[in-house]
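Letters A, B, ... are given to chains in the order of the sequence lines, protein chains preceding strands, and every chain is numbered from 1.
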Amino acid sequence: METHSAPSSDRSDFIRDIIAEDLAAGRHETVVTRFPPEPNGYLHIGHAKSICLNFGAARDFGGRCHLRFDDTNPVKEEQEYIDSIMTDVRWLGFEWGEHLYYASDYFEQLYEWALHLIREGKAYVDDLSAEEIRAYRGTLTEPGRPSPWRDRAIEENVDLFQRMRKGEFPDGSRVLRAKIDMASGNINMRDPVMYRILHATHHRTGDAWCIYPSYDFAHGQSDAIEGITHSICTLEFQDHRPLYDWFVENLPVPSRPRQYEFARLNLTHTVLSKRVLLRLVKEGHVRGWDDPRMPTLSGIRRRGYPAEGIRDFAAIIGVARADSVVEIEMLEHAVRNVLNRTTLRRMAVLDPVKVVIDNYPEDADEEFEVPNSPEDPDAGTRMVPFSRELWIERDDFMEDPPKKFFRLAPGREVRLRSAYFITCNDVIKDTDGRVTELRCTYDPETRGGSAPDGRKVKATLHWVSAAHAVPAEVRLYDHLFSSAVPGTTGDDLFDDLSPTSEVIVRGARLEPALADMPVGATVQFERLGYFCVDPDSAPGAPVFNRTLTLKDTWARLRARSA
RNA sequence: UGGGGUAUGGUGUAACUGGCAACACGCCGGAUUCUGGUUCCGGAGAGUCUAGGUUCGAGCCCUAGUACCCCAGCCA
C-alpha cells in the first residue's frame, strides 16, 4: 500500500472547506484547480506548498489540476524553465495528464476579448509614456487623473489596437488600458494596462505577436477558458481580485472562476526570494541552482530530501491566510521521518582514527552479516569485512572522558557494531599530541556483537576495516543562513551566510557496500545521518552529500554544558 | 478616515460556527534499544493583540483601539 501523503487527508484547511461547501451546494460538479508558474525561474519549496495544495485538493475531491505556464512576458521566459518545472512537479509526485496549458495558447482569444471591451467602451489605447502613466496614476493616498486619451472614440481605439498588433508602433509607445476608475482606492483598478507592445520573440509563439497581455488581463480569462473552479494564489494578489472579477464579469467567458488567496511559505534559515536566489548563484555563493543548500526543488532533490517528505511537510504546516514563518525543523522532521523508514543502513567513518586490535591475528580477515535496517527486517543483510586494523570516528574516543561520555576511552570496553567488543589499552599520539592510533584488544567470545556472559557495554561504535575501506569525499551541509530570519540583523543579507553551510571532507572511509551506489541513492550512515550519492561522483571516487544529521542527544548535551 | 488583509503556547495549524483551547514541531524528563537514532511513556509551556460590551457561558458576536503584512511594473 502506498503511503502517499499520510498526514494530510484527515486535516482540512480553509481552501478545502470552501471547495467542499461549493461541491455540497452544487455550485460545481467537479473541482478544477491549476498550478500556474511563470517559466522564468526554478521552482522552490514555496512553490511546493502551492503545488501540493492545488494538486492535493483536486485529488482529494476527485477533481483535476492543470499545469499552466503563465507565459505572457517573452522577455523573461525560456523553454529551459518549462522543462525544469515539469521535471520538478513530476518529481514531487503529481501528474497533470493531458491538462498541460499555456497562457500563450489563448493569445488570439484574449485579443478578441480586448477588442470586445474596446467596442463596449471599456478599454482604450493610451499614448502616454510609462512615466506619464505612473504620474497620472496618483499615489496610495491621492486619486489618479484620467489620461488625456481616455475618451478616444471607439473606432479610433479599435483601429489603433489593430495597428498595435500589426507592429506599426514601437515598444512602449502605446498600451491598451481597461477603463475602470482612476479614483479607486485600489490602485489596480485605476485603468490597468491590458496590453503592451513588445517586439520580442516568444519562446512558443515566436514572432507571431508584438503585443502581449498583462498578467491581469490573462490570468482570470485563462482560468475561465479551462473551466477552473478555484483559482488559488498567494496573498499579494488579493488586491487584484476585484480586477480579476471585473474582466471575467465584463467578458463573454465560458465559465466563472473564483480566486482565493493563501499565505505563501516562509522558512527559517532560508530565503525564497527569486532575486536573492539568483544573486546566490550569480555571485558564486553556491554551486548553482541545484546546490544542495538551495531551497529550489532541484537543490533539495540533490540534497537527498525525498518528495514524500516534502509532501508530508506541506500537509503538516497547513494552509492559512496569516503571514507566518515555519521553523525549518518541521521540514527536517518530515524528511527524517521518511528517511528513517526507507533508508538502508551503512557504516562510514568521516573523521578516521586508526584502531589496531593487538590480539587479532596479523593476516586474518573475516566477514560479519549486518542487518540493512532495524526498521525493516525484510531489508535483509549484507556482509561487512573485518580485520586487525580498523577506522573509527575520532569523536568516538576521548582520552580523558567527561562524566556522560559513553564511548571509547582508555581501559574502557565498547562494541563495534555487529562485530566484537574491544577494549582500549594504549593511546599513541604524534608530536603535536594528536591521537594517531589506538591499541586495543578484542574478546573473541563476543563475535557478532554480544557477550555470552551477558555483560553490557554502554556504547556501540561504527567502524570500517582499513584494508577494505573505500575512500570518498563527503560534503556536509547545514543551513545556508545563520540567523533564523535572514536579513533582520540589519547588515547585508549576505553577511548572514553561514561559513559552515558546506564542509567538505575528503578522507572519509566507507564500507565496501557503499562503493558503487547509483547517483541519487540515499542511505543512512549509522550514527551520523542520511547521505546521498552526488552527481559529482566518478567510478571509484564516490561523493556523498549529507542530507541531514541524525538527531544527536550527545551533541546537545555537550552544547548545553559548553 | 487611500485601499486590501492578518492577529490563538517559542513555531506552524485546530477548535463541530457561542459550550472544559486541541494536534504537530521544538524543549525537558524517564523506559526500551547492538545507532546517544527509532519507538514508548510522562512533563513544562497560551486563557486566544488590547480595552470595553452582549450572554448562564465568548477564541468565535458587538464597539473602539493597537500591531504587523500587501499595493503606486508597460513583472507575475
I need the [atom1]-[atom2] distance between [X] and [N], as an integer number of Å.
X        : N      : atom1 : atom2 : answer
A:His333 : B:rU39 : NE2   : C1'   : 12 Å
A:Lys274 : B:rC75 : NZ    : C1'   : 9 Å
A:Asn188 : B:rG3  : CG    : C1'   : 10 Å
A:Glu329 : B:rA24 : CD    : P     : 17 Å
A:Met189 : B:rA72 : CE    : P     : 16 Å
A:Phe237 : B:rC71 : CZ    : P     : 11 Å
A:Met182 : B:rA72 : CE    : C1'   : 11 Å
A:Leu176 : B:rG73 : CG    : C1'   : 17 Å

Classify [X] by what it touches in the nucleic acid, base, sugar-phosphate, or nothing, heavy-atom distance under 4.0 Å.
X        : answer
A:Arg137 : sugar-phosphate
A:Asp70  : sugar-phosphate
A:Arg556 : sugar-phosphate
A:Lys458 : nothing
A:Ile133 : base
A:Gln524 : base
A:Pro143 : nothing
A:Phe405 : base
A:His240 : base
A:Leu128 : base
A:Thr553 : sugar-phosphate
A:Gln238 : sugar-phosphate

Any idea if [N] is syn or anti, going by the 90°-from-0 cut?
N      : answer
B:rG65 : anti
B:rG4  : anti
B:rU17 : syn

Hey, is the side chain of [X] poking within less than 4.0 Å of OP1 or OP2 on [N], counting only N and O atoms?
X        : N      : result
A:Ser184 : B:rG3  : no
A:Thr72  : B:rA76 : yes
A:Arg336 : B:rG37 : no
A:Arg345 : B:rU38 : no
A:Arg196 : B:rC75 : yes
A:Lys551 : B:rU38 : yes
A:Arg134 : B:rG73 : yes
A:Arg177 : B:rC74 : no
A:Arg275 : B:rC75 : no

**Q.** P spacing across the pair B:rC69 / B:rA22, given as an integer number of angstrom
**A.** 31 Å
Q) Given the C1' atoms of B:rA24 and B:rA58, what is the spacing between them in whole Å? A) 26 Å
Any strand: nucleotide that pairs with [N] via Watson-Crick or wobble, under 3.5 Å:
N      : value
B:rC60 : none
B:rG2  : B:rC71
B:rA46 : none
B:rG26 : none

Q: State whether A:Arg509 and A:Asp351 are salt-bridged, where the test is any N-O pair (Lys NZ or Arg NE/NH1/NH2 against Asp/Glu carboxylate O) under 4.0 Å.
A: no
Q. Just by protein heavy atoms under 4.0 Å, how would nucleotides 9-18 of chain B read 5' to 3' in B, S and -?
A. -BBBBS----
Within the side chain of [X], is there an N or O that forms a donor-acceptor pair under 3.5 Å with the backbone of [Y]?
X        : Y        : value
A:Glu393 : A:Val349 : no
A:Arg415 : A:Gly449 : yes
A:Arg546 : A:Tyr477 : yes
A:Thr139 : A:Glu142 : yes
A:Thr446 : A:Phe421 : yes
A:Asp71  : A:Ser104 : yes

Q. Do the side chain of A:Asp239 and the base of B:rG3 come within less than 3.5 angstrom through a donor-acceptor pair of N or O atoms?
A.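 Check passes, donor-acceptor contact within cut-off.
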Q) Ignoring hydrogens and angles, does a donor from either the side chain of A:Glu375 or the base of B:rG37 sit under 3.5 Å from an acceptor on the other? A) yes
Q) Do other residues, nucleotides or ligands put more than 12 heavy atoms under 6.0 Å from the CH2 atom of A:Trp554? A)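 Yes, CH2 of A:Trp554 has more than 12 neighbouring heavy atoms, counting only those of other groups under 6.0 Å.
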**Q.** Whether over 12 other heavy atoms sit under 6.0 Å from A:Arg264 CZ
**A.**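 Result for CZ/A:Arg264: open.
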Does the gap between the ring centers of [X] and [Y] come in under 6.0 Å?
X        : Y        : answer
A:Phe69  : A:Tyr81  : no
A:Tyr101 : A:His66  : yes
A:Tyr106 : A:Phe217 : no

Q. Between A:Arg407 and A:Leu140, which has a closest nucleotide on RNA chain B that is more 5'?
A. A:Leu140
Q) More 5' along RNA chain B: A:Ile197 or A:Ala459, using each one's nearest nucleotide? A)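 Whichever sits nearer the 5' end wins; that is A:Ala459.
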Q | Whether A:Trp554 stacks on the six-membered ring of B:rG36 base, 5.5 Å and 30° limits | A |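 Yes, the aromatic ring of A:Trp554 stacks with the base.
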Q: Just compare B:rG37, B:rC75, B:rG3 and give me whichever is closest to any side-chain atom of A:Glu38.
A: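 Nearest nucleotide to the side chain: B:rC75.
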